[in-house]
2 protein chains.
Amino acid sequence: MNTGTEAPRRTRIQQEKRELILEAALEVFSTHGFRGSTIDQIAEAAGMSKPNLLYYFRRKEDIHETLMQRLLDTWLAPLRELDDIGDPMTELRSYIRRKLEMARDFPRESRLFANEILQGAPRIMPLLAGELKTLVDEKAAVIKGWMRAGKIARTDPWHLIFSIWATTQHYADFDVQVRAVLGPNRGGDGRFEDAARFLEQLFLEGLKPKG
Amino acid sequence: MNTGTEAPRRTRIQQEKRELILEAALEVFSTHGFRGSTIDQIAEAAGMSKPNLLYYFRRKEDIHETLMQRLLDTWLAPLRELDDIGDPMTELRSYIRRKLEMARDFPRESRLFANEILQGAPRIMPLLAGELKTLVDEKAAVIKGWMRAGKIARTDPWHLIFSIWATTQHYADFDVQVRAVLGPNRGGDGRFEDAARFLEQLFLEGLKPKG
DNA sequence: CAAATTTTTGACCGATTGGACAAACGTTAG
DNA sequence: CTAACGTTTGTCCAATCGGTCAAAAATTTG
């Protein structure tokens with residue numbers, strides 16, 4: 001029985017070329033958005049002709065969809081790792097650090113996601129209200145537990161998570177602005193370490209349990 | 001002498017129709033980005049034909065440019081108001097509050113700006129490295145003064161400003177995600193007050209001067 | 001009123017878009 | 001070698017894109 005959801009068999013060439021296309025599409029989609037990107041652009045970036053690209057992905061949307069599916073898993077991995085077992089302050093610090101590292105190492109993925117959300121998330125809305133909400137609610141409960149135990153200051157766990165997302169992804173999504181404002185000296189490679197130091201201080205001081 | 005920069009004389013109809021177009025363009029550009037928006041879409045949203053729209057703005061870029069110029073002034077107003085005179089903690093609190101109010105009351109303007117930055121700020125890069133950087137540097141100096149005076153904790157003023165931008169604009173730019181995660185109950189109109197409470201706590205506790 | 005000016009429209013243009021298709025080309029298994 | 005299969009390409013298409021233009025309609029001015 002073919003359910004239509006199982007992964008189709010693929011030759012070695014198909015696997016390689018599909019990866020090539022997805023890599024090129026990530027570059028193009030993340031800087032121009034879905035509607036602002038053309039198949040020609042992606043094909044050229046992947047070093048092949050447009051009909052050839054369409055042999056591997058029949059529609060432009062298929063590329064984007066495949067990209068988004070892969071993205072979400074790796075994107076939410078840091079939050080999944082947030083664990084009830086360790087010390088709350090240590091857990092939060094390493095969550096912030098991991099998210100900031102992702103903004104540094106995978107800025108295109110961050111911008112691709114930001115583009116999708118900015119435009120109303122037309123293609124991933126169900127995922128947000130489903131899988132994502134479930135995960136966040138789950139982690140919010142963990143954080144609430146820490147608050148009840150007096151390990152961190154009482155505050156809104158959901159908005160805490162939002163603020164960590166916002167501040168860390170800012171360094172990927174608004175990178176040009178950050179670099180423009182910091183200037184050539186402070187806007188160099190060291191900006192992520194500066195940001196890490198600042199965010200650590202902000203969140204850890206801001207969340208210290210009160211006497 | 002015509003410098004080319006003075007405002008042309010306009011009839012009453014021209015003023016009204018241009019406003020109508022800019023309002024419609026704000027709606028369209030902010031949700032689809034520049035390249036993702038079409039003149040037809042804007043014309044239809046403004047209730048006029050495409051050639052009629054092009055009578056008031058000769059090129060698509062002219063609409064976007066006018067929109068961005070107007071935007072930047074109002075968008076930076078809260079930061080301009082950040083003043084050396086008042087109490088540092090009070091000043092910062094009201095700056096955060098004003099920025100959050102702008103995210104609530106002008107989400108389309110925020111998304112328009114975010115779209116532009118996300119795509120590498122091709123049309124406003126000079127403004128970022130010029131006017132914006134100057135303003136931020138100036139306010140960073142003010143904040144540094146507060147730190148030297150022991151009024152607030154020592155930290156990086158530039159990244160402090162970035163974090164305020166990121167956290168407040170998040171509620172406009174990522175609104176769909178915020179509402180999806182919070183769900184129908186907590187994601188209603190009250191979410192901005194919850195956010196205000198959280199951000200106030202985060203920043204004011206995180207910036208308390210240390211003994 | 002009538003003339004001058006401004007506003008609106010329909011028809012049209014070349015360029016670009018996403019995508020189809022058959023033919024040509026490569027590769028591999030028997 | 002050859003037949004089958006997988007890959008690549010050139011050509012083509014209808015739809016849409018940003019934008020032009022002349023003429024009609026509406027408005028303002030004298």
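Since the structure is predicted, the reported quantities are computational estimates derived from the model, not experimental observations. Letters go in sequence order (proteins before strands), and every chain restarts at 1.
- Using a 4.0 Å cut-off on heavy atoms, none of the residues of residues 20-30 of chain A approach DNA chain D.
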Using nucleotides 24-27 of chain C, report all nitrogen or oxygen pairs with the protein that are shorter than 3.5 Å.
none

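- Under the salt bridge (charged side-chain N to carboxylate O under 4.0 Å, His left out) criterion, the residue pairs touching residues 29-48 of chain B are B:Asp40-B:Lys50, with sequence neighbours excluded.
- We find that OH of B:Tyr55 is positioned 9 Å from C1' of C:dT8, with the value rounded to whole Å.
- Close to C:dT6, at under 4.0 Å from its OP1 or OP2, lies no side-chain N or O of B:Tyr56.
- Side-chain nitrogen and oxygen atoms of B:Gln14 include none within less than 4.0 Å of the OP1 or OP2 phosphate oxygen of C:dT6.
- The nucleotide range of DNA chain D contacted by chain B, defined by atoms under 4.0 angstrom from heavy atoms of the protein and reported 5' to 3', is D:dC17 to D:dT28.
- Within the 4.0 Å cut-off from OP1 or OP2 of C:dT8, at least one side-chain nitrogen or oxygen of B:Lys17 is found.
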Scoring nucleotides 16-22 of chain C by protein non-hydrogen atoms under 4.0 Å (B base, S sugar-phosphate only, - none) yields -SBBBB-

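- Shown here is A:Lys133, whose NZ atom has more than 12 heavy atoms of other residues, nucleotides or ligands within 6.0 Å.
- Scanning for side chain to side chain donor-acceptor pair (under 3.5 Å) contacts around A:Glu16 gives A:Arg12, with sequence neighbours left out.
- Ring pair B:His32/A:Phe34: centre-to-centre distance not below 6.0 Å.
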